[in-house]
S.K.: 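Once you've had a glance at the structure underneath, I'll fire off some questions.
Position 1 is the first residue of the sequence; numbering continues from there.
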Amino acid sequence: MKKTDKNKRPGIERRAFLSNCSKTLPSLLVLVAGFDLQEIMASESGNYNPNDHNYAMGIDIHKCIGCARCADACKNENKVPREEHFFRTWVERYVIPENSEPIVDSPNGGIDGYPPIEENLQLERTFFVPKLCNHCENPPCVQVCPVGATFVSEDGVVLVDDKWCVGCRYCIQGCPYGARYLHPKTHVADKCTFCYHRITDGSLPACVEVCPTQARIFGEKGTKSSPLRRFQRFHEIHVLKPGLNTQPKVYYANLDGEVV
């Protein structure tokens with residue numbers, strides 16, 4: 001009779017077992033009460049530690065050419081409905097006539113271009129302004145959500161847990177930047193997440209990656225080595241609607257006073 005080697009054990013190898021556990025654990029966590037979206041996504045990102053980050057974005061208005069590749073890439077990356085009025089990010093065109101009110105348009109978020117400007121219009125200036133969720137440090141959308149579906153993650157990103165959202169639209173009404181919409185199929189609130197699934201994996205948001213003029217800068221707030229720190233040092237920085245005290249974390253350089 002052949003003697004069995006005591007050092008050899010039947011079944012799956014330890015490395016394979018741990019690998020399988022790492023793949024299945026995030027799915028199992030969804031079924032466990034007490035885990036929110038932030039914890040689940042952190043588990044899926046391996047060694048990613050949200051406490052080590054505080055994300056923000058910078059936008060240079062002078063560099064934006066209104067191509068709206070950012071808006072198109074965002075729809076592709078995040079499966080945003082292709083119909084108009086559903087955007088996580090979009091680009092507005094500001095036309096400033098002499099001695100007249102500004103004309104602001106953003107047909108289909110700028111993806112299909114903009115209509116010609118009237119020939120007889122006496123122009124003072126024109127420019128483009130990309131917009132998105134401002135990932136506020138004091139977000140009114142979080143304050144008005146009755147079920148806690150909207151929350152600020154530990155790395156400073158405002159997220160929506162679609163498993164908790166009841167589609168009441170309070171957050172949509174509460175957002176002063178018009179940055180939210182109700183998804184027509186899932187019937188839950190949706191918005192920019194800075195492409196959270198990408199940044200926790202070490203990649204840039206899709207809108208930043210495709211910008212041909214590098215008008216968008218993504219990085220860490222308060223980190224000396226972050227490209228965002230350099231952006232803030234070399235530009236006069238403004239935020240949208242500063243009087244609301246929402247403390248936005250989307251910072252604009254060369255922001256015109258006509259922008260609302």
S.K.: Calculate, to the nearest 0.5 Å, the distance between atoms SG and CD belonging to Cys70 and Glu209 respectively.
M.R.: 13.0 Å
S.K.: So, Gln143 and Asn138: side-chain donor and acceptor under 3.5 Å apart, yes or no?
M.R.: yes
S.K.: To the nearest 0.5 Å, tell me how far Asp201 CG sits from Cys195 SG.
M.R.: 12.0 Å
S.K.: Cluster question for you: counting only ILVMFWY and a side-chain heavy-atom cut-off of under 4.5 Å, with indirect links fine, are Val259 and Tyr114 together?
M.R.: no
S.K.: Could you measure the distance from the CZ atom of Phe194 to the OG1 atom of Thr89? Nearest 0.5 Å is fine.
M.R.: 10.0 Å
S.K.: If every non-hydrogen atom of Ile117 is compared with every non-hydrogen atom of Thr126, which pair is closest and at what distance?
M.R.: CD1-CG2, 4.0 Å
S.K.: At what distance, to the nearest 0.5 angstrom, does OH of Tyr94 lie from OG of Ser106?
M.R.: 9.5 Å
S.K.: Would you say Val208 ends up clustered with Ile59 if hydrophobic residues are merged whenever their side chains have heavy atoms under 4.5 Å apart, either directly or through other cluster members?
M.R.: yes
S.K.: Is any side-chain heavy atom of Ile199 closer than 4.5 Å to one of Val157?
M.R.: yes
S.K.: Is it the case that over 12 heavy atoms from other parts of the model lie below 6.0 angstrom from the OH atom of Tyr181?
M.R.: yes
S.K.: Any chance you could lay out the side-chain contact (heavy atoms from CB on, under 4.5 Å) test for Thr150 and Arg180, step after step, and finish with the verdict?
M.R.: CA-CA 11 Å; Thr150 292; Arg180 289 170 171 258; 3.0 Å; yes
S.K.: Show your reasoning for whether side-chain contact (heavy atoms from CB on, under 4.5 Å) applies to Val250 and Val239.
M.R.: CA-CA 7 Å; Val250 173; Val239 296; over 6 Å; no
S.K.: Is Trp90 reachable from Val104 through a run of I, L, V, M, F, W or Y residues, each pair having side-chain heavy atoms under 4.5 Å apart?
M.R.: no
S.K.: Would you say the side-chain atoms of Lys249 and Asn54 include a donor-acceptor pair closer than 3.5 Å?
M.R.: yes
S.K.: Side chains of Ile61 and Pro130, heavy atoms from C-beta outward: is any pair under 4.5 Å?
M.R.: yes
S.K.: What closest approach, in Å, do Ala189 and Leu182 show between heavy atoms, and which atom pair accounts for it?
M.R.: N-CD1, 3.8 Å
S.K.: For the backbone of Pro107 and the side chain of Asp105, can you confirm whether one donor and one acceptor N or O come within less than 3.5 Å of each other?
M.R.: no
S.K.: For the residue pair Pro248 and Leu240, establish whether any side-chain heavy-atom pair is separated by less than 4.5 Å.
M.R.: no
S.K.: When you measure from the centre of the six-membered ring of Phe234, is the NZ or CZ of Arg230 closer than 6.0 Å and no more than 45° off the axis?
M.R.: yes
S.K.: Taking only Lys NZ, Arg NE, NH1 and NH2, and the carboxylate oxygens of Asp or Glu, determine whether Glu220 and Arg229 approach each other closer than 4.0 Å.
M.R.: no
S.K.: Between Thr246 and Tyr177, is the side-chain contact (heavy atoms from CB on, under 4.5 Å) condition met? List the steps.
M.R.: CA-CA 11 Å; Thr246 59; Tyr177 305 104; 2.7 Å; yes
S.K.: Does the plane of the ring in Tyr55 sit parallel, tilted or perpendicular to the ring in Phe218? Use 30° and 60° as the thresholds.
M.R.: parallel
S.K.: Between Cys141 and Val158, what is the shortest heavy-atom contact and its length?
M.R.: SG-CG1, 4.0 Å
S.K.: Taking the side chain as C-beta and beyond, is there a heavy-atom pair between Glu101 and Glu258 under 4.5 Å?
M.R.: no
S.K.: State yes or no: do Ile65 and Val210 share one hydrophobic cluster built from I, L, V, M, F, W and Y residues joined by side-chain heavy-atom distances below 4.5 Å, directly or via other members?
M.R.: no
S.K.: May I ask you to decide whether Asp60 forms a salt bridge with Arg216, counting only side-chain N to carboxylate O separations under 4.0 Å?
M.R.: no
S.K.: List the atom of Pro81, the atom of Pro184, and the distance in Å for their closest heavy-atom pair.
M.R.: CG-CD, 3.7 Å
S.K.: Begin from the C-alpha positions of Glu98 and Arg125 and carry the test salt bridge (Lys or Arg N to Asp or Glu O under 4.0 Å) through to its verdict.
M.R.: CA-CA 9 Å; Glu98 292 182 358; Arg125 61 192 181 278; over 6 Å; no
S.K.: Taking it one step at a time, do His53 and Glu154 satisfy side-chain hydrogen bond (donor to acceptor under 3.5 Å, both in side chains)?
M.R.: CA-CA 8 Å; His53 306 276; Glu154 294 176 0; over 6 Å; no
S.K.: Hey, is Glu83 close enough to Lys75 for a salt bridge, meaning N to O under 4.0 Å?
M.R.: no
S.K.: Hey, are the side chains of Val95 and Leu121 touching, using non-hydrogen atoms and a 4.5 Å cut-off?
M.R.: yes
S.K.: With no hydrogens and no angle check, is any side-chain donor or acceptor of Asn78 less than 3.5 Å from a backbone partner on Cys74?
M.R.: yes
S.K.: What pair of heavy atoms forms the shortest contact from Ala253 to Phe231, and how long is it?
M.R.: CB-CZ, 3.5 Å
S.K.: Could you walk me through whether Asn108 and Phe87 pass side-chain contact (heavy atoms from CB on, under 4.5 Å), step by step?
M.R.: CA-CA 9 Å; Asn108 196 25; Phe87 297 97; 3.4 Å; yes
S.K.: Does the distance from a Lys or Arg side-chain N to an Asp or Glu carboxylate O, for Arg88 and Asp190, drop under 4.0 Å?
M.R.: yes
S.K.: Taking side chain as C-beta onward, heavy atoms only, is Cys145 less than 4.5 Å from Val147?
M.R.: yes
S.K.: Strictly by modelled atom types, are Tyr196 and Asp155 linked by a side-chain donor-acceptor pair under 3.5 Å?
M.R.: yes
S.K.: Distance only, no hydrogens: is a donor on one side chain within 3.5 Å (strictly under) of an acceptor on the other, for Arg82 and Asn76?
M.R.: yes
S.K.: With a 4.5 Å cut-off on side-chain heavy-atom distances among I, L, V, M, F, W and Y, is there a chain of contacts connecting Tyr48 to Leu159?
M.R.: yes
S.K.: For Cys64 and Phe128, which heavy atoms make the closest approach, and how far apart are they?
M.R.: SG-CB, 3.6 Å
S.K.: How long is the span from the OH atom in Tyr252 to the NZ atom in Lys131, to the nearest 0.5 Å?
M.R.: 6.5 Å
S.K.: Taking atom CD of Glu124 as the centre, report whether more than 12 heavy atoms of other residues, nucleotides or ligands fall under 6.0 Å from it.
M.R.: yes
S.K.: Between Lys241 and Asn134, is a side-chain hydrogen bond (donor to acceptor under 3.5 Å, both in side chains) present by the stated rule, with each step listed?
M.R.: CA-CA 11 Å; Lys241 302 182 179 180; Asn134 282 255; over 6 Å; no
S.K.: Considering only heavy atoms from C-beta outward, does the side chain of Pro50 approach that of Ser153 to under 4.5 Å?
M.R.: no
S.K.: Nearest 0.5 Å, please: how far is OG in Ser226 from CD1 in Ile217?
M.R.: 9.0 Å
S.K.: Any side-chain heavy atom of Cys207 sitting closer than 4.5 Å to one from Met57?
M.R.: yes
